[in-house]
S.K.: 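Okay, handing you the structure first.
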Amino acid sequence: MLNININQAEAYSRETFHCGSCDRDFQAKVITWVDVSRTPQVKKLLLRWQFNIVQCLHCGCRNFADTPFFYEDFEEGILVAVFPRIPDSRGEVEASIKEKYGYYPILEYFYDLTQLWTLIYLQEHYRTNKNLLSLSRIGRGEARTRKFLAFLKEDPMMIEIREKLTESFFGNTTEDELVDLLARAIYNLEEMLPWPMDRRCVCGGDLTKEFKCCGRSVVLDDHDSLLSRHYVIYCPNCSESLAGASCESCGRVYTWKLGTVAFHKQEKRAGKKQPAQRPEERADI
């Protein structure tokens with residue numbers, strides 16, 4: 001086991017592996033349970049695909065252990081059973097885990113490491129991106145985590161993310177392409193809309209009221225002709241990047257990272273019903 005002090009892990013086991021390079025067996029320690037609230041460096045290792053890497057004692061060849069492990073985030077109240085390969089009798093395995101660890105607020109099963117990679121990326125991105133935090137309308141804590149999990153398990157975009165991550169791992173794609181794809185994933189999560197040049201929400205609300213940072217409104221007048229998916233506006237006070245705004249009235253989120261439109265069609269507001277006329281009040285035909 002490389003890259004992490006084994007004593008910092010909650011649990012580990014010694015497993016036998018077969019080296020595909022020298023065709024010999026060797027033993028190595030692998031982590032079977034880790035709480036990332038206690039060992040946050042594990043998140044970095046997982047994002048770099050360097051977690052549970054084993055090294056052949058005979059030829060020095062390194063490879064991913066490809067063994068199941070539990071990923072716990074005690075602070076977030078989440079436990080994920082990660083299976084790099086779908087186990088036999090999957091239903092029985094899941095039922096056994098649920099019976100033993102069902103007291104966790106959130107208990108999930110991943111059968112693709114891309115899911116865990118994307119979960120960590122989203123958590124870290126929401127934690128560090130001030131502008132996204134101010135725009136976000138998917139909640140915080142458990143509500144946001146459940147929204148993430150639904151995306152990871154159900155959204156077709158995960159197929160694209162898996163392919164792009166594989167290409168990135170083998171050096172067949174640029175980091176910018178991966179970042180652009182992950183940005184689109186966040187737009188999907190937040191159900192964002194293209195930026196309206198008239199600065200009006202579908203509900204009619206004024207978006208410029210919420211286009212602010214450090215408690216101050218940011219003037220858009222000098223930027224209108226430049227807005228595009230590659231253009232960034234920075235807060236004059238803290239230099240935070242800004243890319244859109246949410247509606248103060250209904251909470252819809254808009255960003256020019258999805259392009260711009262002249263305006264959005266205003267939704268119809270239900271008018272007051274006129275009281276029915278009594279028969280004696282109706283005009284004769």
Side-chain angles (χ1 to χ4, degrees), residues 4 8-13 30-49 51-52 65-130 132-162 165 182-192 251 253:
I4 182 173
Q8 293 176 319
E10 291 287 342
Y12 67 91
S13 67
V30 289
I31 291 176
T32 56
W33 184 300
V34 64
D35 178 5
V36 294
S37 62
R38 292 178 52 194
T39 53
Q41 66 270 35
V42 169
K43 290 184 178 182
K44 293 181 180 179
L45 295 176
L46 283 162
L47 288 174
R48 296 172 187 163
W49 299 103
F51 179 75
N52 265 358
D66 204 21
T67 52
F69 63 94
F70 284 94
Y71 174 94
E72 179 188 20
D73 192 336
F74 183 79
E75 292 179 354
E76 297 289 338
I78 183 172
L79 177 66
V80 181
V82 184
F83 297 89
R85 294 180 181 176
I86 298 178
D88 296 331
S89 305
R90 169 178 169 178
E92 294 178 14
V93 171
E94 289 187 4
S96 174
I97 292 172
K98 186 174 183 180
E99 181 180 359
K100 191 172 183 179
Y101 302 110
Y103 56 86
Y104 279 86
I106 301 175
L107 175 60
E108 194 53 84
Y109 312 91
F110 285 167
Y111 296 96
D112 182 350
L113 279 174
T114 302
Q115 293 173 303
L116 183 57
W117 189 98
T118 309
L119 173 64
I120 296 170
Y121 173 85
L122 291 172
Q123 287 177 327
E124 294 300 294
H125 195 65
Y126 272 77
R127 183 179 63 83
T128 58
N129 191 306
K130 181 180 174 183
L132 179 59
L133 281 173
S134 65
L135 289 176
S136 179
R137 290 298 181 273
I138 63 173
R140 294 175 182 267
E142 183 176 331
R144 184 163 68 199
T145 299
R146 291 192 181 279
K147 186 81 172 180
F148 288 165
L149 293 174
F151 174 84
L152 297 173
K153 296 177 76 69
E154 300 169 10
D155 199 294
M157 185 175 283
M158 283 302 299
I159 297 174
E160 291 183 69
I161 292 175
R162 185 184 303 112
L165 276 172
L182 292 168
R184 283 202 289 121
I186 290 172
Y187 304 152
N188 276 11
L189 274 166
E190 296 286 350
E191 299 179 352
M192 292 185 180
V253 183

S.K.: Does this structure show an ion pair linking Arg90 with Glu94, if we count only N-O contacts that are shorter than 4.0 Å?
M.R.: yes
S.K.: How far apart are the C-alpha atoms of Leu116 and Ile120, what are their side-chain angles, what is the distance that settles it, and do they pass the side chain to side chain contact (heavy atoms under 4.5 Å, CB included) test?
M.R.: CA-CA 6 Å; Leu116 183 57; Ile120 296 170; 4.1 Å; yes
S.K.: Kindly compute the distance separating CE (Met157) from OG1 (Thr118), expressed to the nearest 0.5 Å.
M.R.: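 Met157 CE to Thr118 OG1: 11.0 Å, rounded to 0.5 Å.
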S.K.: Can the positive tip of Arg140 be found less than 6.0 Å from the middle of the six-membered ring of Tyr126, inside 45° of the ring normal?
M.R.: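 No, Arg140 and Tyr126 do not form such a contact.
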S.K.: Can you tell me how far apart OG (Ser37) and CD (Glu76) are? Round to the nearest 0.5 Å.
M.R.: 9.0 Å
S.K.: Regarding Glu72 and Arg38, does a basic nitrogen lie under 4.0 Å from an acidic carboxylate oxygen?
M.R.: no
S.K.: Using 0.5 Å steps for rounding, measure from the CZ atom of Arg48 to the NZ atom of Lys43.
M.R.: 14.0 Å
S.K.: CG of Leu133 to OG1 of Thr128: how many Å apart, nearest 0.5 Å?
M.R.: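 Between atom CG of Leu133 and atom OG1 of Thr128 there are 8.0 Å.
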S.K.: How long is the straight-line distance from CZ of Phe110 back to CG of Asp112, given to the nearest 0.5 Å?
M.R.: 9.5 Å
S.K.: Are Phe69 and Phe51 close enough that their ring centers fall under 6.0 Å?
M.R.: yes
S.K.: Is there side-chain contact between Pro87 and Tyr111, with at least one heavy-atom pair below 4.5 Å?
M.R.: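 Yes, at least one pair of side-chain atoms sits under 4.5 Å.
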S.K.: CG/Asn52 to CG/Leu113 distance, rounded to the nearest 0.5 angstrom?
M.R.: 9.5 Å
S.K.: Please determine if Arg137 and Glu190 form a salt bridge, counting it only when a charged side-chain N lies under 4.0 Å from a carboxylate O.
M.R.: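 Salt bridge flag = no for Glu190 with Arg137.
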S.K.: Between Lys100 and Tyr103, which heavy-atom pair has the shortest distance, and what is it?
M.R.: O-CE2, 3.4 Å
S.K.: Could you tell me whether a side-chain N or O of Asn129 sits under 3.5 Å from a main-chain N or O of Leu132, the two making a donor and an acceptor?
M.R.: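 Indeed, once roles are kept as given, a pair shorter than 3.5 Å links the two residues.
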S.K.: Can you name the nearest heavy-atom pair linking Leu46 to Trp117, along with the distance?
M.R.: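 Heavy-atom minimum between the residues: O-CD1, 3.4 Å.
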S.K.: Taking all atoms of both residues into account, what is the closest heavy-atom pair of Leu189 and Ile138, and its distance?
M.R.: O-CG2, 3.4 Å
S.K.: Assess the residue pair Arg162 and Gln115 against the criterion (side chain to side chain contact (heavy atoms under 4.5 Å, CB included)); give the C-alpha distance rounded to whole Å, side-chain angles, the decisive distance to 0.1 Å, and a yes or no.
M.R.: CA-CA 8 Å; Arg162 185 184 303 112; Gln115 293 173 303; 5.7 Å; no
S.K.: Does Thr67 reach the side chain of Thr32, with side-chain heavy atoms less than 4.5 Å apart?
M.R.: no
S.K.: For Lys153, does the NZ atom sit with more than 12 other heavy atoms under 6.0 Å from it, leaving out its own atoms?
M.R.: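 Atom NZ in Lys153 is crowded, with more than 12 foreign heavy atoms closer than 6.0 Å.
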S.K.: Assess whether salt bridge (Lys or Arg N to Asp or Glu O under 4.0 Å) is satisfied between Arg146 and Glu142, documenting all intermediate values.
M.R.: CA-CA 6 Å; Arg146 291 192 181 279; Glu142 183 176 331; 3.0 Å; yes
S.K.: Under the rule for ring-ring contact (aromatic ring centres under 6.0 Å, His included), what residues qualify as partners of Tyr101, not counting sequence neighbours?
M.R.: Trp33, Phe70
S.K.: Set out, in order, the CA-CA distance, both residues' side-chain angles and the distance that settles side chain to side chain contact (heavy atoms under 4.5 Å, CB included) for Thr145 and Ile106, then state yes or no.
M.R.: CA-CA 9 Å; Thr145 299; Ile106 301 175; 3.6 Å; yes
S.K.: Compare every heavy atom of Arg85 with every heavy atom of Asp66, then report the nearest pair and how far apart it is.
M.R.: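 It is OD2-NE, 2.6 Å.
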S.K.: Please determine whether the number of non-hydrogen atoms from other residues, nucleotides or ligands lying under 6.0 Å from atom CD of Glu191 exceeds 12.
M.R.: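 Atom CD in Glu191 is not crowded, with 12 or fewer foreign heavy atoms closer than 6.0 Å.
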S.K.: For Phe74 and Asp35, work out which heavy atoms get closest and say how close.
M.R.: N-OD1, 3.2 Å
S.K.: I'd like to know whether Tyr12 forms a side chain to side chain contact (heavy atoms under 4.5 Å, CB included) with Val30, so could you lay out the CA-CA distance, the side-chain angles of the two residues, the decisive distance to 0.1 Å, and finally the verdict.
M.R.: CA-CA 5 Å; Tyr12 67 91; Val30 289; over 6 Å; no
S.K.: Minimum heavy-atom separation for Thr114 to Trp49, with atom names?
M.R.: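 What the structure gives for the nearest pair is N-CH2, 4.1 Å.
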